[in-house]
Structure formats: C-alpha cells, structure tokens
Amino acid sequence: MSTAIPDAPSHFIKDIINEDMKSNKHKGRVHTRFPPEPNGYLHIGHAKSICLNFGIALEYGGKCNLRFDDTNPSKEEVEYVDSIMDTVRWLGFDWEDRLFYASDYFEQLYQYAEHLIKTGNAFVCHLSADEIREYRGTLTTPGRGSPYRNRSADENLDFLRRMRAGEFPDGHCVLRAKIDMASGNINMRDPVIYRILHMPHHRTGDAWCLYPMYDYAHPISDAIEGITHSLCTLEFEDHRPFYDWVLDRLPVPCHPRQIEFARLNVNYTIMSKRKLLQLVQDHLVSGWDDPRMPTLAGMRRRGLTPEAIRDFCDRIGVAKVNSTVDVALLEHCQREDLNKRAPRVMAVLHPLRVVLENYPEGQVEWFDAINNPEDPDAGTRRIPLTRELYIEQDDFREEPPPKFYRLAPGREMRLKHAYIIKCTNVVKNDRGEIVEVRCTYDPGSRGESGRSVKVTAHWVSAAHAFDAEVRLYNHLFTKENPAEEDDFRASINPDSLQVLTGCKVESCLASAAPGSRYQFMRQGYFCADLMDAAPGKPVFNRIVSLRDEWAKIAKKMTIA
RNA sequence: UGGGAGGUCGUCCAACGGUAGGACACAUGGCUCUGGACCAUGGUAUCGGGGUUCGAAUCCCUGCCUCCCAGCCA
C-alpha cells in the first residue's frame, strides 16, 4: 500500500513518524493503539488520545487497535468495557476486527516471565510490600538489593510455577525484574512485574491468580500486536527505560517506540477519574452521563456532536508541555458545527404574554420560515401568528437602559418572520409585576416591506405553543482549576443546572426525536434529551449558548 | 543535595539559523428580519544573563521557574 507522507500541519509525533517513514523503519507501516483500562468512563481527555491514535492511523493509511488494559481485576468491570466501546464508536472511530485485551496475552506474558527468570533477569521476592518500599530507597538515596535477589533460576522457576498454581496467598511474594537498585530512575529499581491476586477476572474468570503489572504487560502487548508507535501521556516518560528494557530481553516480534505527549486539561472542570467518581457517588451530579460532566457520555447526553469534539481535538495540538485548554474553544467548535446544520426554531424560555390589540380575534396567519439560513437545502416551514403570543421576558423592559434596542413602551421590535409590533401598554399584577404587554402591529411591515427596526425577536403564538422543559447548563465549577482547590467540591457552580418548565415552543418541537438538535433562535443550540424526552413531552438540554452581544453590554453596564 | 521532562501572545499550537504566525479569547467598526452567523481592523509573547553568528525563539554556557516519579494502580 502506498502511504504518502502527509504535508498537513505537523506536530512532534508526526515528525517522528515522518522520519520513520523516510527511513523505512517499519516498512512504511503505521500501527497505533488506544489502550484504556476498563475502570471508568471515558472523558474529553481520552478523546484527545483516541483522536490522536486513530487519527494518525487514518492519516498514514495505517491501523489503530482498541486494546483494553485489563491487568488488574480488582478495579475493572465489563460495564466499563461496554461503555468504552460504545463511546469510541460514537466518536466516529472503527477498530474493525482489532479488538484486543491485555488478558488475551496472559499465557504469553507468563511464558515470557519464565524466560526472564531463565536468563537471570527476574526473581521471586518474598519481601513484604512494606519491606519492598523500604528497600527501594528514596528519590535521593539508592535502594538496596532484596535478599532474594540472587536465587537460582531453578528456585525462581519453581516459585513462579507454584505462584501460578495458587499455592500462595495474596501478597505472599512477587516476581520482580532484576535491574539496578541504585538507578536514579526508581522504576528501574527491580520493579514488581507479577503479583498474586486471588480474584476472578472479568474475562479470564479464575484461570489466573497472578496478574502482570502494567509496566510489564504493556510493552509486550504492543509488540505482540505489531504496534509501531506507542503513544502515551507524559507521566510514563520515566517508564520508557523499563519499556525498552523488557523488549530488549525478550524474543518479541518487534520493538515499538513509546512516545509521550501532554494529557489534555480543560478549565472549569476536572479530569481525574477518582474525582469524577466522587461526584457521581456523592450525588453531586446525576451520574457519569450528567450533561455537565466532562465525560464523553455526559457530553453526548448534553448533545455535543462527535464532529465538534474531533475538531476540538484537532485544534488543541499535540505537544509535551502541560497545558490547560480554554473550554471556550470547545464551545466554539460546537457552535461552528451546529451553525451549519442545526435547524432554527423559536422557543420562548421565559414567556411574557403579548396581546396585539389591533389584530383580529380568532385570526390565524401563516408565515414561511427559513429553517436554516446557512443551509439552503434545509427548506422552510409554516408558523402561525395569532392575536396572543409569547415573547422572551428579556426582550421587554419597561424602563429600557441605554443600548437596549428591544421592546419598551412606545418602542418597536420585529417579530421574526412576521410583523413589527409597538408597545402601547403594560399590564401588571397586584405585586406590580409585568404580566402582559399590549402592542399594536403594523400590517404593512410584513415581508420585504423595507421598514427595518433594530431588533428582531423570536416568539410563539399562544394558541399554538407547546409546553417544554428546558435544562440550561453552565460550567460545573466556578474556579478555572477546581483540582487545585482544597476541596474541589466546594467550587461546584450552584448555577450549573437550571431547569425551566413551561417554556413555550413551536409545535413542531412537540415530538422532537430524542437526540435531535436545534438552534433556538437567539439563544443557543439545544438537544432533545436522550433519556427524558418523549413524544408530546419535550425536554431539551442546552448544548451551548449562542454568543450574546447584549449580555456583554448589560454586564459591562452593571459592573460600571 | 536523585532521575526524567518542559518554559513563545490572556489560552492553545506553529516557526526546525533568515520578516515571530495561526486559532480561540478580548476590543473596535461594518453588515444583518437571529444583538446569531459573517466581514474588516487592533493590541498583547520568545523565562533571565552571557556567548557563537552577518543574523538566534532556534546552537553553546549559566541561572531561574514549572511539572512528573519512591503502588504488589494504570
């Protein structure tokens, strides 16, 4: 297969691959893998890795495997396996027939362990966990060799086989690589490569009672699968010498190159699986798929599109510096995507009743409305106007501040697709609250009348409006970096979720299909909730708001 | 006082010895039957100090700062 070297904007990993292609290091082959541990839900940080690994394979005409790093049965569950596969697929990637599990290689891994023993590169150690830690030394002082370090190969083999046979309880002994207790790199101070764990595995059942450590299983798994470039995050940089050490001492089919890049951080959220789990367990969110969560399941539920997420991952770049990307970029990507393809509809979130005093009672007039000005193929629909309608409360001010161009007593505003109206009066209740606005409409302002006013607002005919629930989401946290707070939970945004009921929407939304997305004109992009929306009972999640010039002006004025 | 990695606009990423550029964000203006979208314009950056060079973000020396590592987690 011909694999042209792409001249698209590069990053340091592609630079490396380009050089390997030039030197024909892997015979023109590019093979990556995405290796999640099935111990939690995927989040936006994983999306970066998924897009990188699958993206590179696509770009170079190579392959990318999905491999579950399931070497620790105490933390892993099939539930996570299923959700991970579902999410990767949803994101738009295909591992074809290359679904693998590190546990597929348990036997091979074990055989290689015997090989390591036979070649004098590993030994069974009977030190306790505490003793191993003590013997390991510290960051600044070298460690000491285990007293079991120089056992004979036969003795080691015998112990390893008995470990496998289940003769010893958990923690009784471990298999360790024999490297260098004085190394400045602590990962090289005779790291543990096998531990005893009498625990059933979600795939291998109770076939095993000893399980390989990640550092040992990973390089071998990569080699078995013929991976050429093994991409991982920065914290594994220190592990690379061991990765290479293992592959250099075993008769593996190839020696992949590990390359480390910076993991993704996004402001106003957290990425740690542990903290995310805490939010779920403490019921601070509704679950892993709470639309405010940075999990891909949450984003999906919220209505974010895979296209936008992939675009975001393309734009954030790949480098070795720890960095935090502004969530505004994600929001931008999402708006850009939906602007092209989301049908426009009118939905009044905070309804204010308007009566057109000079509009005939009982009359219904239909107007053509363009579904999407950005997409000529999106067509039009018909919307009804009657004497009574709803507009947004924010679109009316009894005492308009400067730069407020919307409706106010004596002022005009256009109803989108219909007439210009003028406020003549305000009706208030006993408490002095505005409950209704009286207007007249200008019958001559229909269509291309030439008359223009400063603002055009969305509205819905009262007689035709349908009630909907709308959920407005904001950043889950008020702090840019919640993780560095003493207690990240204290910075949860109390306004991160606002549930609105009795919103008035166009009747075409009454049975919006779950997952369908719309632009609610002048407000934002919304998605019919996957779980709670039902025919006749519409529920919408705000994916992202539209940019709001007036909000900025208003904010500036209150600050000033 | 161990080992590893890294410091470029507010943020993220480029520039690979030859005019520091893009995106987002921000600001100003234009346009608009979405205060959306779109268009135009603008400001702000090479961690510090030496050196090499006609020329340094890039090479060398030195200092400073940040991140990661002492799981039988990944």
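A note on names: the letters A, B, ... follow the listed sequences, proteins ahead of strands, and every chain is numbered from 1.
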Arg240(A) meets the salt bridge (charged side-chain N to carboxylate O under 4.0 Å, His left out) criterion, sequence neighbours left out, with Glu260(A)
Listing time: all N or O pairs from protein to nucleotides 38-43 of chain B that are below 3.5 Å?
none

Sorted by chain and number, sequence neighbours left out, salt bridge (charged side-chain N to carboxylate O under 4.0 Å, His left out) with Arg344(A) holds for none
Would you say A74(B) has OP1 or OP2 under 4.0 Å from some side-chain N or O of Arg67(A)? no
Would you list the protein and nucleotides 4-10 of chain B atom pairs, both N or O, that sit under 3.5 Å from each other?
none

Given the 90°-from-0 boundary between syn and anti, G51(B) should be labelled anti
Is there a side-chain contact between Tyr216(A) and Val192(A) (heavy atoms, below 4.5 Å)? no
Listing for RNA chain B: consecutive Watson-Crick or G-U pair runs of at least 3, distance cutoff 3.5 Å, ranges ordered by first number, gives B:2-7 with B:64-69, B:10-13 with B:21-24, B:26-30 with B:38-42, B:47-51 with B:59-63
Across all chains, not counting sequence neighbours, the ring pair (Phe, Tyr, Trp, His ring centres under 6.0 Å) partners of His239(A) are Phe236(A)
Against the side chain of Lys556(A), the closest entry in C73(B), A70(B), A27(B) is A27(B)
Inset, instruction - Kindly say whether, by distance alone, the side chain of Gln523(A) makes a donor-acceptor pair under 3.5 Å with the base of U34(B)? - result: no
The side chain to side chain contact (heavy atoms under 4.5 Å, CB included) partners of Met188(A) (sequence neighbours excluded) come to Ile179(A), Ser183(A), Asn185(A), Pro241(A), Phe242(A), Trp245(A)
Per atom distances to the His11(A) side chain, the nearest of G35(B), A14(B), G2(B) is A14(B)
- Would you say Arg414(A) reaches U32(B)'s phosphate, i.e. side-chain N/O to OP1/OP2 under 4.0 Å? no
Those residues at least two apart in sequence (or on a different chain) that pass salt bridge (charged side-chain N to carboxylate O under 4.0 Å, His left out) with Arg341(A) are Glu307(A), Asp337(A)
Across all chains, not counting sequence neighbours, the ring pair (Phe, Tyr, Trp, His ring centres under 6.0 Å) partners of His417(A) are none
* **Side-chain N or O of Thr71(A) closer than 4.0 Å to phosphate OP1/OP2 of A74(B)** => yes
In short, salt bridge (charged side-chain N to carboxylate O under 4.0 Å, His left out) pairs touching residues 543-554 of chain A with sequence neighbours left out are none
Please set out all donor-acceptor pairs under 3.5 angstrom arising from side-chain atoms of residues 168-176 of chain A, sequence neighbours excluded.
residue	atom	partner	partner atom	Å
Asp170(A)	OD1	His198(A)	N	2.7
Arg176(A)	NH1	Asp190(A)	O	2.8

Sorted by chain and number, sequence neighbours left out, salt bridge (charged side-chain N to carboxylate O under 4.0 Å, His left out) with Glu331(A) holds for none
